[in-house]
Amino acid sequence: MAPATLLGSTGAPSADALLDRFGRRAVDLRVSLTERCNLRCTYCMPAAGLPFAPDDALMTAPEIERLVRIGTARFGVRKVRFTGGEPMLRHDLVDVIARCAALPDAPELSLTTNAIGLAHRASALYAAGLRRVNVSLDTVDPDVFTEVTRRPFLDKVIAGLSAAHDAGLAIKVNAVLLRGVNDHLAPDLLDWCLERGYELRFIEQMPLDPDHAWDRTSMVTAAETRAALSRTVRLEPDEAPRDGAPAERFRVLSPAGTLLGTIGIIASITESFCADCTRTRLTADGHVRSCLFSDDETDVLGPMRAGATDDEVAELWQRAMWAKPRDHGDDTDDLVHPTRGMSAIGG
C-alpha cells in the first residue's frame, strides 16, 4: 500500500503521479495510434483481419497531444512510445510526433512499427522529433517471413530499416520466436542484426491473439532462446541498470571473447517483471489500460470530448492506475487472455 500521505479522501492517490497500490509509478507511456495493420501475423491477427474501430472513434492528433501533455507535465512521464496496429498507417503521424516533441516537458519519443513505408518517412519523422524505432521482424528468411506475416513484404521492411539508420534513428528489432516456424533461425537473425548495429530483442509469445489459440506449452521460452543462442555466441548479463525496462539485456561475445553487441530478452510469461513495471497505456480509442494483460479500461477520450477539464481527465487516469493489478497471473492458472487482441490494445 502506498504511504497514507499520497492518498486523498477518496482512497485514490492525490500526488501528481501515476501511482498504484503496490508502490509502482508509471513514467513510460505507450500510445496506440490505430488498430489497423498491413500485415496479418499469425500470432496477432486472423488472415481475414479484424473489425476495426471507425476513424472518428480514434484519438486525433490534438487529443493525443493533450493527453501526452497531461502525462508529462502533471505525472512526470519521461518516455512515450507510439504503437498500433501499425502507426505508419496514420497519415498524420509526423504531425503527432511534432506536436509531442514541441511540448514544454517533451519526453523521449519512439515508435513501434513493422517498417513498411518507413523508407519514405524516416527523415521526416526524425526531423519532427522521433529518436528511435522498434521494428517488428521475426526472421530475415523471405519464405518464413511470408509464412508468419501472410505478406511478401520483407524487402520493404529491410528498406525501412536502412532508411531509419540513414536518418539517424536508433534501431531495435523485436522478434517473436514460434516453435517449428522460425525458432531455428534465431542465431541467423542475431548475426544479421549484429552486422548492421541493430539491437535485437526476443519477446516471448504472449496470449494476445484474438483467436485465443495461444498455448503456454508451445511457447518458446526465454530460457530456450538463451540456450539456442549460446550454441554460437556467449551471453553475459549487462551490468547497466534495468530501470523498469521489460528486456533483460545481455552482452554478446564471440567464442573468443570479442564483444559483438548487445541483445535483450523479454520474458513476459516465464520470468515476470511485473514488480518493476513503469508502464501506462492509451488505446487508439482513448482508453487507459494499466496492464497489457487485463480487460480493465477507463475511457478518457469520451469525457474529454464531453468537455472534461485536464484535472478531471488526470483524476480518471490516476484512478485507473491506482487499480492496476499486482501482476498478470503468470505463475498461476489465472493468466488473463484479454478480449481485445494486440492490434487493438497497442504494444
Side-chain angles (χ1 to χ4, degrees), residues 18 26-39 44 52-53 55 57-73 75 77-103 105-137 157 160-161 163-164 167-174 201 203 208 245-247 278-289 292 300-301 317 340-347:
L18 290 173
V27 293
D28 183 347
L29 171 60
R30 308 291 172 89
V31 182
S32 179
L33 299 182
T34 180
E35 299 178 0
R36 300 178 184 277
C37 189
N38 42 15
L39 297 180
C44 184
F52 301 121
D55 288 345
L58 305 185
M59 295 183 291
T60 64
E63 289 166 341
I64 294 166
E65 177 189 2
R66 181 182 174 189
L67 286 167
V68 171
R69 175 176 53 77
I70 291 171
T72 56
F75 297 137
V77 167
R78 303 192 305 260
K79 300 178 181 179
V80 174
R81 191 194 306 177
F82 297 104
T83 70
E86 175 44 55
M88 294 293 295
L89 295 179
R90 285 278 299 232
H91 71 279
D92 59 351
L93 177 60
V94 172
D95 182 39
V96 169
I97 299 295
R99 286 172 176 270
C100 295
L103 290 171
D105 299 289
E108 174 188 321
L109 299 178
S110 60
L111 177 76
T112 296
T113 175
N114 60 30
I116 297 171
L118 185 58
H120 307 295
R121 303 175 80 180
S123 294
L125 289 169
Y126 184 88
L130 190 70
R131 289 298 176 262
R132 190 184 81 232
V133 289
N134 289 44
V135 175
S136 302
L137 178 62
V157 177
L161 279 162
L169 291 164
I171 295 172
K172 292 183 179 179
V173 171
N174 296 343
R201 306 198 312 174
I203 306 173
L208 296 171
T278 60
R279 283 164 293 289
T280 182
R281 289 178 167 80
L282 289 168
T283 62
D285 56 358
H287 288 68
V288 173
R289 290 183 71 103
L292 192 60
V300 292
L301 181 59
W317 200 340
R340 294 223 243 183
M342 185 62 131
S343 63
I345 294 171

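For reference, positions follow the sequence shown, starting with 1. Quick note: numbers below take in every heavy atom, side chains included, and nothing from hydrogens, waters or symmetry partners.
- For the pair Met59 and Val300, the minimum side-chain heavy-atom distance is 4.5 Å or more.
- Shown here for Leu169 and Tyr126, the closest heavy-atom pair between the two residues is CD2-CD1, 3.8 Å.
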Evaluate the criterion side-chain contact (heavy atoms from CB on, under 4.5 Å) for residue pair Val31 and Val96; output intermediate values, then yes/no.
CA-CA 11 Å; Val31 182; Val96 169; over 6 Å; no
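- Partners of Ser123 according to the side chain to side chain donor-acceptor pair (under 3.5 Å) rule, which considers only residues two or more places apart in sequence or in another chain, do not exist here.
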Leu58 vs Phe52, test: side-chain contact (heavy atoms from CB on, under 4.5 Å). Steps then yes/no.
CA-CA 10 Å; Leu58 305 185; Phe52 301 121; over 6 Å; no
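- Taking OG1 from Thr112 and CD from Glu86, the interatomic distance works out to 9.0 Å, rounded to the nearest 0.5 Å.
- In this structure, the side-chain contact (heavy atoms from CB on, under 4.5 Å) partners of Asp105, at least two apart in sequence or on a different chain, are Thr72, Ala73.
- Considering only heavy atoms from C-beta on, Ile116 comes within 4.5 Å of Val157 through its side chain.
- Contact detail for Ala119 and Ala163: the closest heavy-atom pair is CA-CB, 3.5 Å.
- Thr113 has its side chain out of reach of Asn134: every pair of non-hydrogen atoms, C-beta onward, lies at least 4.5 Å apart.
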Step-by-step side-chain contact (heavy atoms from CB on, under 4.5 Å) determination, Glu63 to Leu301
CA-CA 8 Å; Glu63 289 166 341; Leu301 181 59; 3.4 Å; yes
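- Applying the side chain to side chain donor-acceptor pair (under 3.5 Å) test to Arg90 and every residue at least two apart in sequence or in another chain returns Asp92.
- The shortest non-hydrogen separation linking Ala128 to Ala101 is O-CB, 3.3 Å.
- Residue pairs that meet the salt bridge (charged side-chain N to carboxylate O under 4.0 Å, His left out) test with at least one member in residues 108-132, sequence neighbours left out, are Glu108-Arg132.
- Residues Leu111 and Leu93 meet the side-chain proximity criterion, which asks for heavy atoms closer than 4.5 Å.
- Side-chain contact check for Leu109 versus Cys100: some heavy-atom pair is nearer than 4.5 Å.
- For Asn38, the side chain to side chain donor-acceptor pair (under 3.5 Å) partners two or more places apart in sequence, or in a different chain, are Asn114.
- Atom-to-atom distance recorded for Glu65:CD and Asp95:CG is 8.5 Å, nearest 0.5 angstrom.
- Two residues are said to be in side-chain contact when any heavy atoms from C-beta on lie closer than 4.5 Å; Thr280 and Phe75 fail this criterion.
- Distance check: Thr278 OG1 to Leu29 CG gives 11.0 Å after rounding to the nearest 0.5 Å.
- Here the closest heavy-atom approach between residue Val77 and residue Ala26 is recorded as CG2-O, 4.4 Å.
- In terms of heavy atoms, Val80 sits closest to Pro107 at CG2-CG, 3.5 Å.
- Between Ala53 and Ala57, the shortest heavy-atom contact is CB-CB, 4.4 Å.
- Taken to the nearest 0.5 Å, the CG atom of Asn174 stands 4.5 Å off from the CZ atom of Arg201.
- A 4.5 Å side-chain heavy-atom check between Ile64 and Arg99 finds every atom pair outside the cut-off.
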Let's go through Leu125 and Leu118 carefully: what are the C-alpha distance in whole Å and the side-chain angles of both, what is the deciding distance for side-chain contact (heavy atoms from CB on, under 4.5 Å) to 0.1 Å, and is it a yes or a no?
CA-CA 9 Å; Leu125 289 169; Leu118 185 58; 3.9 Å; yes
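- Checked against salt bridge (charged side-chain N to carboxylate O under 4.0 Å, His left out), Arg66 has the following partners two or more places apart in sequence or in another chain: Asp310.
- With a 4.5 Å cut-off on side-chain heavy atoms, Ser110 and Lys172 do not count as touching.
- Checking Arg81, Arg30, His287 one by one against Arg281, the side-chain contact (heavy atoms from CB on, under 4.5 Å) holds for a single residue, Arg30.
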